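What you see is a predicted model, and the numbers here were worked out from it, not measured in a lab. In what follows, every chain begins at residue 1, and chains take the letters A, B, ... in the order their sequences are listed.
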Amino acid sequence: MPQNFIKEIIDEHLRTNKYGGIVHTRFPPEPNGYLHIGHAKSICLNFGLAEEYNGLCNLRFDDTNPTKEEEEYVSSIKEDIKWLGFDWEDREYYASDYFDTLYEYAVKLISKGVAYVDSLTSDEIRKYRGTPTQAGKESPYRNRPVEENLELFEKMKNGEFKDGECVLRAKIDMASPNMNMRDPVMYRIRHEFHHRTGDKWCIYPMYDWAHGQSDSIEGITHSICTLEFENHRPLYDWFIEQLEIHHPRQIEFARLNLSFTIMSKRKLLELVEGKYVTGWNDPRMPTLSAMRRRGYPPEAIRHFAERVGVAKRNQVIDVALLEHSVRENLNKNAQRVMGVLRPLKVIITNYPDNTVEELEAVNNPEDPSMGKRKVPFSKELYIEQNDFKEDPPKKFFRLAPGKEVRLRYAYIIKCEEVIKDPVSGKVIELHCSYDIDTKSGLGKSDKKVKGTIHWVSVQHAFNAEVRLYDRLFTVEDPVGDKEKDFKEFLNPDSLETLKECKLEPGLKSAKRGERFQFERLGYFCADLIDSEDGKPVFNRIVPLRDTWAKIAKAQKKN
RNA sequence: UGUCCCGUGGUGUAAUUGGCAACACGUCUGACUCUGGAUCAGAAGAGUGUAGGUUCGAGCCCUACCGGGACAGCCA
């Protein structure tokens, strides 16, 4: 991991022996949604730091709000972290594991006279809190005697009050310039079933009260969280100092933002519930389960997380960096194959009928150890529709009337005749001739052509569904416009489903999750869910860099 | 007009703790190529928010200002 300000702090602690040379972090998700790429940054940071400093990283579910949290999310979160390649071993904890301890701690603070039961309504509490520029007012219940507070708190726990009737608050300073110090709520009453503690509790700790104490109980040394908790640090420290328990250091860093997508769990949930996407794992989502399904290698995400760095200023990372990381990984690892997405039939008129040649193709030019394979070639082929143009623009190196191209691993062909549909005028077939001396690897001919295109033999091709994904939003910052709802920027072309794709025969046995490079097109992954044995469905993970597209775009402009 | 945090090429992160600003992505050339991929070679692009100060010397220290962000849930 490159140098960053957190490592500097840790190094300093190590120098001064503040924590006895130990580095112990934790990743503390709330199980109220699926993990996304932003969480991946945090996971990589916390587990990565532990690894780098020979320490440990715990997984701790921050499950203090039973109204929002579900078991489904717990299991998805665990799956995603494992998939990324991190291991919390037996250190799987829950804030709810500490509810008893937290209760005792609260009693201790009440006894010390620094916490009290407030009977104001939530509305009144809000009014009494003041504003960022105006001091708040003290609650009339603020000075209840310790004994009464103890009694009331016990009754809260015993379910003798209804939801919202009272809360436990820390007694700090209603005039503090830091709003978090204006007698923050520690416990609220919720007669709710909790996914782990069931009906045992009807009072639940607030984040501020639960988090730091949980860190302390686990012996965490460095509690790394996002910037919005910076203002909470004085409170984090205050609780721990009052309790006189192990004191971890909270460090805040800037969360990840990616261009052309959103990272808010609430908004992602809105897309799911509003059926704008097919689910949390819709391959267009920025969630880890979606990226897994789309085919992103976990190593690429880890490398990406490393590249984006760690700092305190709000960052917006260009998705191009993520895509680059994915391509870089796949370029080295993905087997190359040929597939035609939008088929156009080509007949090689001078090629013998009923003949099939098995041509040798390289599986990965970046890695000879991946070997070679045979690809069948015959008189009738499919090529990509956009590899042919009737009147080719400048610098178009592909097929056009009278022009020649190389068929990858096969022959150079020349387009002799264009067959059109008499009604629509659409090009439906090309008649070409081939030059037998130009067979791949033969070296019989010195003929050179500018372009090489991919193809699939008609009689050997198998038909498959391929899904092309594009960015989910049309603008870099979908939530940046305060006038418009982010859903207005949803990209209508974010998914294109092609059902008549012609793929080379070997692909028929592709296994779920297997990744390939379809030459000249991009990287594709057999869908984890919709593929069947012998009938894979492919997701485009990411297209290849496309220089021609760039040229064409520039030409269009001029 | 409160408290806290942050301002380094288009984007993101560095800068041996004070020594003439580096790396990655992106962009643009060119080479090579049976993937317009990959690879290779190269270029453009910031003088570090602004103004002062300390110093032989400041992106790093100090002051003021400007700009951006966070905080008024019984959410996390």
**Student:** With syn defined as a glycosidic angle within 90° of 0 and anti as the rest, where does B:G73 land?
**Tutor:** syn
**Student:** So A:Asn4, base contact, sugar-phosphate only, or nothing? Heavy-atom distance under 4.0 Å.
**Tutor:** sugar-phosphate
**Student:** Could I get the full list of salt bridge (Lys or Arg N to Asp or Glu O under 4.0 Å) partners for A:Lys41, not counting sequence neighbours?
**Tutor:** none
**Student:** Look at the side chain of A:Thr133 and decide which nucleotide, out of B:A76, B:A24, B:U1, has an atom nearest to it.
**Tutor:** B:U1
**Student:** Starting from the 5' end of RNA chain B, give me the residue, A:Glu519 or A:Pro2, whose nearest nucleotide shows up first.
**Tutor:** A:Pro2
**Student:** Picking from B:A14, B:C4, B:G37, which would you name as closest to the side chain of A:Glu230?
**Tutor:** B:C4
**Student:** Closest approach to the side chain of A:Pro177, judged atom by atom: which nucleotide of B:C71, B:C74, B:G2 is it?
**Tutor:** B:G2
**Student:** Take atom P in B:A41 and the same atom in B:C32, then report the distance between them in whole Å.
**Tutor:** 15 Å
**Student:** What does A:Glu366 touch in the nucleic acid at a heavy-atom separation under 4.0 angstrom: a base, only the sugar-phosphate, or nothing?
**Tutor:** base
**Student:** Quick check on B:U33: is either OP1 or OP2 less than 4.0 Å from any side-chain nitrogen or oxygen of A:Arg406?
**Tutor:** no
**Student:** Using OP1 and OP2 only, check whether a side-chain N or O of A:Thr64 sits under 4.0 Å from B:A76.
**Tutor:** yes
**Student:** How many angstroms lie between CZ in A:Phe99 and OG in A:Ser214, if you round to the nearest 0.5 Å?
**Tutor:** 8.5 Å
**Student:** How would you list all residue pairs meeting salt bridge (charged side-chain N to carboxylate O under 4.0 Å, His left out) that involve residues 201-218 of chain A, not counting sequence neighbours?
**Tutor:** A:Arg26-A:Asp215, A:Arg60-A:Asp215, A:Arg60-A:Glu218
**Student:** If you look at every strand shown and take non-hydrogen atoms under 4.0 Å, does A:Glu8 touch a base, only sugar-phosphate, or nothing?
**Tutor:** base
**Student:** Taking the nucleotide of RNA chain B with the closest heavy atom to each, which residue, A:Gly309 or A:Leu407, is nearer the 5' end?
**Tutor:** A:Gly309
**Student:** What integer number of Å spans the P atoms of B:A51 and B:G9?
**Tutor:** 16 Å
**Student:** Give me the distance, rounded to whole Å, that separates B:G2 from B:C65 when you measure between the P atoms they each carry.
**Tutor:** 11 Å
**Student:** Name all residues meeting the salt bridge (Lys or Arg N to Asp or Glu O under 4.0 Å) criterion together with A:Lys403; count only those two or more places apart in sequence or in a different chain, and write none if there are none.
**Tutor:** none
**Student:** Among the nucleotides B:G36, B:C75, B:C4, which one has an atom lying closest to any side-chain atom of A:Lys68?
**Tutor:** B:C75
**Student:** Any chance the side chains of A:Tyr411 and A:Glu357 put a donor and an acceptor closer than 3.5 Å?
**Tutor:** yes
**Student:** Looking at the base of B:G36, is there any donor atom on it, or on the side chain of A:Arg398, that sits under 3.5 Å from an acceptor on the other one?
**Tutor:** yes
**Student:** Going by the rule side-chain hydrogen bond (donor to acceptor under 3.5 Å, both in side chains), which residues pair with A:Asp11 if we only count those two or more places apart in sequence or in a different chain?
**Tutor:** A:Tyr53
**Student:** Need one value for A:Gln134: base, sugar-phosphate or nothing, where a base atom within 4.0 Å counts as base even if backbone is also close, heavy atoms only.
**Tutor:** nothing
**Student:** May I ask you to say what A:Pro234 touches in the nucleic acid, namely base, sugar-phosphate or nothing, with a heavy-atom cut-off under 4.0 Å?
**Tutor:** nothing
**Student:** Between B:G36, B:U35, B:G12, spot the one nearest the side chain of A:Arg408, thanks.
**Tutor:** B:U35
**Student:** Is the charged tip of A:Lys265 near the ring of A:Tyr34: under 6.0 Å from the six-membered ring centre and within 45° of its axis?
**Tutor:** no
**Student:** Using a 4.0 Å heavy-atom cut-off across all strands, classify A:His211 as base, sugar-phosphate, or nothing.
**Tutor:** nothing
**Student:** Does A:Arg266 have a side-chain nitrogen or oxygen under 4.0 Å from the phosphate oxygens OP1 or OP2 of B:G73?
**Tutor:** no
**Student:** I want to verify the glycosidic state of B:U35; is it syn or anti under the 90° rule?
**Tutor:** anti
**Student:** Just N and O in the side chain of A:Arg233: are any of them under 4.0 Å from OP1 or OP2 of B:C4?
**Tutor:** no
**Student:** Looking at B:U35, I'd like to know if its phosphate oxygens (OP1 or OP2) sit under 4.0 Å from a side-chain N or O belonging to A:His454.
**Tutor:** no
**Student:** Contact class for A:Asn231 vs. all strands (heavy atom < 4.0 Å): base, sugar-phosphate, or nothing?
**Tutor:** base
**Student:** Holding to side-chain hydrogen bond (donor to acceptor under 3.5 Å, both in side chains), I want the full list of residues that pass it with A:Lys312, two or more places apart in sequence or in another chain.
**Tutor:** A:Glu230
**Student:** Just by distance, no angles: are the side chains of A:Asn329 and A:His303 close enough, under 3.5 Å, to form a donor-acceptor pair?
**Tutor:** no
**Student:** May I ask you to say what A:Lys127 touches in the nucleic acid, namely base, sugar-phosphate or nothing, with a heavy-atom cut-off under 4.0 Å?
**Tutor:** nothing
**Student:** B:U35 phosphate, OP1 or OP2: any side-chain N/O from A:Gln517 under 4.0 angstrom?
**Tutor:** no
**Student:** What is the nucleic acid contact for A:Ile317, judged by heavy atoms within less than 4.0 Å: base, sugar-phosphate only, or nothing?
**Tutor:** sugar-phosphate
**Student:** Classify the nucleic acid contact of A:Tyr204 as base, sugar-phosphate or nothing, counting any heavy atom under 4.0 Å across all strands shown.
**Tutor:** nothing
**Student:** May I ask you to check whether A:Glu30 and A:Asn32 show a side-chain donor-acceptor distance below 3.5 Å?
**Tutor:** yes
**Student:** Under 3.5 Å between N/O atoms: give me all the protein pairs with nucleotides 27-31 of chain B, atom names plus distance.
**Tutor:**
residue : atom : partner  : partner atom : Å
B:U27   : OP1  : A:Lys550 : NZ           : 2.9

**Student:** Taking Watson-Crick (N1-N3 plus N6-O4 or O6-N4) and G-U wobble (N1-O2, O6-N3), each under 3.5 Å, can you produce the dot-bracket string of RNA chain B? Use [ ] for crossing pairs and | for inter-strand ones.
**Tutor:** .((((((..((((.....[..)))).(((((.......))))).....(((((..]....))))))))))).....
**Student:** What does A:Val310 touch in the nucleic acid at a heavy-atom separation under 4.0 angstrom: a base, only the sugar-phosphate, or nothing?
**Tutor:** sugar-phosphate
**Student:** Measure from the side chain of A:Lys312, starting at C-beta and using heavy atoms only, and say which of B:C5, B:G2, B:U13 lies closest.
**Tutor:** B:C5
**Student:** Given the side-chain rings of A:Phe516 and A:Phe524, with only the six-membered ring counted for Trp, is the space between their centroids under 6.0 Å?
**Tutor:** no
**Student:** What contact category does A:Ile453 fall into here, base, sugar-phosphate, or nothing, at under 4.0 angstrom with non-hydrogen atoms?
**Tutor:** nothing
**Student:** Would you indicate which nucleotide in B:C74, B:A24, B:C4 comes nearest to any side-chain atom of A:Val167?
**Tutor:** B:C74
**Student:** For a quick check of understanding: with a heavy-atom distance under 4.0 Å over all strands, which category does A:Ile412 fall into, base, sugar-phosphate or nothing?
**Tutor:** nothing
**Student:** Who are the salt bridge (Lys or Arg N to Asp or Glu O under 4.0 Å) partners of A:Arg144, not counting sequence neighbours?
**Tutor:** A:Glu148
**Student:** If we ignore hydrogens and angles and just use 3.5 Å, is the side chain of A:Glu306 paired with the main-chain N or O of A:Arg302 as donor and acceptor?
**Tutor:** no
**Student:** Report the nucleotide, chosen from B:G37, B:G36, B:A72, that has the shortest atom-to-atom distance to any side-chain atom of A:Leu544.
**Tutor:** B:G37
**Student:** Of A:Ile383, A:Leu407, A:Asp387, which is the lone residue that meets side chain to side chain contact (heavy atoms under 4.5 Å, CB included) with A:His454?
**Tutor:** A:Asp387
**Student:** Is the NZ or CZ atom of A:Arg169 both under 6.0 Å from the centre of the six-membered ring of A:Tyr116 and within 45° of that ring's axis?
**Tutor:** no
**Student:** Quick check on B:G47: syn or anti? Syn means the glycosidic torsion is within 90 degrees of zero.
**Tutor:** syn
**Student:** Provide the distance between the two P atoms, one in B:U1 and one in B:G10, to the nearest whole Å.
**Tutor:** 34 Å
**Student:** For A:Arg327, what residues pass the side-chain hydrogen bond (donor to acceptor under 3.5 Å, both in side chains) criterion, not counting sequence neighbours?
**Tutor:** none
**Student:** Pick base, sugar-phosphate or nothing for A:Leu120, based on heavy-atom distances below 4.0 Å to the nucleic acid.
**Tutor:** base
**Student:** If you restrict it to nitrogen or oxygen atoms, what contacts under 3.5 Å exist between nucleotides 64-68 of chain B and the protein, and what is each distance?
**Tutor:**
none

**Student:** Going by heavy atoms closer than 4.0 Å, what residues in residues 178-188 of chain A are next to RNA chain B?
**Tutor:** A:Met179, A:Val185, A:Arg188
**Student:** Counting only non-hydrogen atoms, which of residues 325-340 of chain A are less than 4.0 Å from RNA chain B?
**Tutor:** A:Asn331, A:Arg336
